[in-house]
Amino acid sequence: MSIHVSNIRKSFGAFTALGGIDLNVPAGKLVALLGPSGSGKTTLLRIIAGLDEPDIGSGRIAFHGEDVTRVPAGKRKVGFVFQHYALFRHMTVFENIAFGLNVRPRRDRPPASDIADRVHRLLKLVQLEGLDARFPSQLSGGQRQRVALARALAVEPKVLLLDEPFGALDAKVRKELRRWLRRFHEEIHLTTLFVTHDQEEALEIADEVVIMNQAKIEQVGTPQEVYDRPATPFVYQFLGNVNVLRASALAPAVTPGAPALMRDGQIYVRPHDIAISRHVPGAGAAGFFAEVRAIHAAGPQARLSLEHMPGRERIEVELSRSELVGLDLKLHEQVSLRLRRTHAFSDDYAI
Amino acid sequence: MAVVVTSALAKARPIAGAPLRATQDPRWVRWLLTGIALVFLAFFLLLPLAAVFGEALRRGVGAYFAAVGDVDALASVKLTLIAALISVPANVLFGVAAAWCIAKYSFRGKSLLITLIDLPFAVSPVISGLIYVLVFGAQGWLGPWLIEHDMKIIFAVPGIVLATTFVTFPFVARELIPLMQAQGSEEEYAAITLGANGWQTFWRVTLPNIKWGLLYGVILCNARAMGEFGAVSVVSGHIRGETNTMPLHVEILYNEYNFVGAFAVASLLALLALVTLVLKSIVEWRHAQAHAA
């Protein structure tokens, strides 16, 4: 079931949390709401769930074309997973998962044996069989998060909303669990919207990424689209490391991909999109010189810090370990750089 | 409180022969502090308590039970129970509602509301009683109207219940507000998204989470309701067998030099205090267990 958000606004006093948001989440997709803290992404998610109300007179929210703006949270058929799990601490795992079924009016409530069947099916689905009698305090963070997911799924929601689902977990568990979520999504194909501030997480598992900043949506696209063709300087900077160079400092040694550079415009280039070589380029070749200032060789990728002489600009370059070995660079050595891929934004953009 | 002080000191006492660490006071300081606490405890708490039971039993067990079984004494017990039975549930209702809205919503005037809830702690109980005399008394604001409609509040049971409710007003709310603020509202939100209505959310999620704090508040509230003297004294009128609560009845008997009777009723109140302390300790212990789990 698709989600349509049109012109939703929300302010808390003088602070604007959402400034006229339009968003489409296609049915069956896994979509990430990505942005720094304070960008409004959690507020948007809570408004979609019905836990917060948009400003009076602002737009509407529809599920599969049906307007739910005035429908209370409990009747929207959304599954919501909270960042800190929000499990009922005085109930067992079984009781937590069964809660949504047990609070139904008697005529809609499945018989106890059906509820038990469904709870056990869900426990199997989230790989927590045999833990049904535990209390939340007896589970690890990753297990609690999966109980929260099973509890949300028990009421057979039409859409699944996850608020920073892995935010409170340590790095290793977070990686495992997000891959698990991706596989899980491929099994059940429930329209899912999840909030995260971790670009790596969003780019790795989402079908589509919605990048938010300062109460607005900056760009919507597949992970590859937003990474390769960022619409704004903010998106460019938020999605990875970036070198920002003044165009005038590099001229005339400019590179392909930035034909319309303005005077003193900014060139954006990712550290891994800079080619580095030792030999002095021949006349006419696109390139410029820089001095090696530091070499960081730990990790899968090596990082170089360089200084571009005329403007004393710092440039970061990433290359593979084997490339680094092949180049056999020394500190303070002059090297030649070539920008493989750049982006230019006009000065009108404030970063 | 005194019990807590002594046990904390007992833990601080070093094992014999263990080297004195920089963070520990010299032995004589520790003994002196422990001694002061124990002497204070004996003089101001244990001695009076012993005196109450000693005086009550001075003429023997027979006289004690005769004094407790006296018609007027029983009437005062009954009135005290009635006042507590009405004011405690009323304050539970109010306390839960107030704590709920303070902890779960943000609104203008919230800090004013918190201050107002504390008002009965800040005001002298005698003033609390006088407020009701000024409002409901024969010369009060509503006095003529009440007389016209043949309703009696001051110098009658309703006045006593009102005064008791007023002075015990903060106990439940004060206990619950920090607890509910610390717990936040996420579990309630989760219940709502799962389709629970407000009533189900309260009974199945909120109440189980606050039950120990609530019980603790109820115990304190009840102890104060049964023991209140000042405010009730002003509105009671001291009509023997009709508007005397236990504390008031003790005073009357004492002023009539009926020491056995006075101390016998007082011993009932002292027993109530002891039972309250035991219950309070049990609840605190259970609460700590529930949190540790």
Side-chain angles (χ1 to χ4, degrees), chain A residues 12-13 42 45-46 48-52 71-92 95-105 108-109 134-138 144 147-164 168, chain B residues 96 99-112 175-176 178-218 282-293:
Chain A
F12 299 101
T42 293
L45 194 76
R46 292 177 70 93
I48 292 172
L51 294 174
D52 273 334
V71 177
K75 297 208 159 66
R76 287 194 189 184
K77 295 208 167 257
V78 297
F80 200 99
V81 176
F82 294 81
Q83 181 179 1
H84 298 287
Y85 327 121
L87 295 177
F88 306 125
R89 64 195 97 179
H90 60 284
M91 295 184 202
T92 62
E95 289 164 338
N96 263 284
I97 297 173
F99 183 88
L101 300 170
N102 281 328
V103 295
R104 285 192 183 163
D108 300 334
R109 196 187 311 156
R134 298 269 187 97
F135 283 92
S137 56
Q138 298 167 315
R144 287 182 209 182
V147 173
L149 190 61
R151 181 178 69 176
L153 292 172
V155 293
E156 294 174 330
K158 301 281 165 50
V159 300
L160 188 59
L161 305 173
L162 313 166
D163 183 13
E164 299 263 4
Chain B
V96 172
W100 180 286
C101 77
I102 285 168
K104 313 270 174 184
Y105 306 120
S106 60
F107 52 90
R108 221 179 260 269
K110 187 157 144 177
S111 51
L112 183 71
E175 202 57 50
L176 292 183
L179 183 65
M180 287 170 93
Q181 276 175 334
Q183 286 178 346
S185 319
E186 290 238 304
E187 285 183 46
E188 277 85 6
Y189 280 131
I192 289 166
T193 60
L194 291 167
N197 59 35
W199 193 244
Q200 289 170 320
T201 304
F202 177 76
W203 283 104
R204 293 176 184 231
V205 177
T206 307
L207 199 61
N209 278 339
I210 61 168
K211 64 181 175 198
W212 293 114
L214 182 62
L215 198 56
Y216 188 73
V218 165
I282 292 172
V283 169
E284 273 175 348
W285 180 76
R286 286 298 305 268
H287 188 55
Q289 294 271 306
H291 267 249

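Since the model is a prediction, treat every value here as computed from it, not as a measurement. In what follows, chains are A, B, ... by sequence order, proteins preceding strands, each numbered from 1.
For chain B, the option among A:V155, A:L51, A:N102 with the highest count of heavy-atom pairs below 4.5 Å is A:L51. By number of non-hydrogen pairs under 4.5 angstrom with chain B, the leading residue of A:A86, A:A73, A:G100 is A:A86.
Between atom CZ of residue A:R46 and atom OG1 of residue B:T193 there is a gap of 10.0 Å, rounded to the nearest 0.5 Å. Within the model, atoms CD of A:Q83 and CD of B:E186 stand 8.0 Å from one another, a figure rounded to the nearest 0.5 Å. One finds the CG atom of B:L194 at 5.5 Å from the CZ atom of A:F88 (value rounded to the nearest 0.5 Å).
By the neighbour-count criterion of 12 heavy atoms within 6.0 Å, atom OH of B:Y105 is sparsely surrounded, having that number or fewer from other residues, nucleotides or ligands. Annotation for A:K158: atom NZ does not count as buried by contact number, only 12 or fewer foreign heavy atoms lying within 6.0 Å.
In this structure, chain A has a heavy atom under 4.5 Å from the side chain of B:Q200, while its backbone stays farther away. Looking at A:A148, neither its backbone nor its side chain comes within 4.5 Å of chain B, counting heavy atoms on both sides.
Contact annotation: the side chain of A:R89 approaches that of B:Q183 to within less than 4.5 Å [non-hydrogen atoms, C-beta and beyond].
Heavy-atom minimum distance, A:L87 versus B:E187: O-CD, 3.3 Å.
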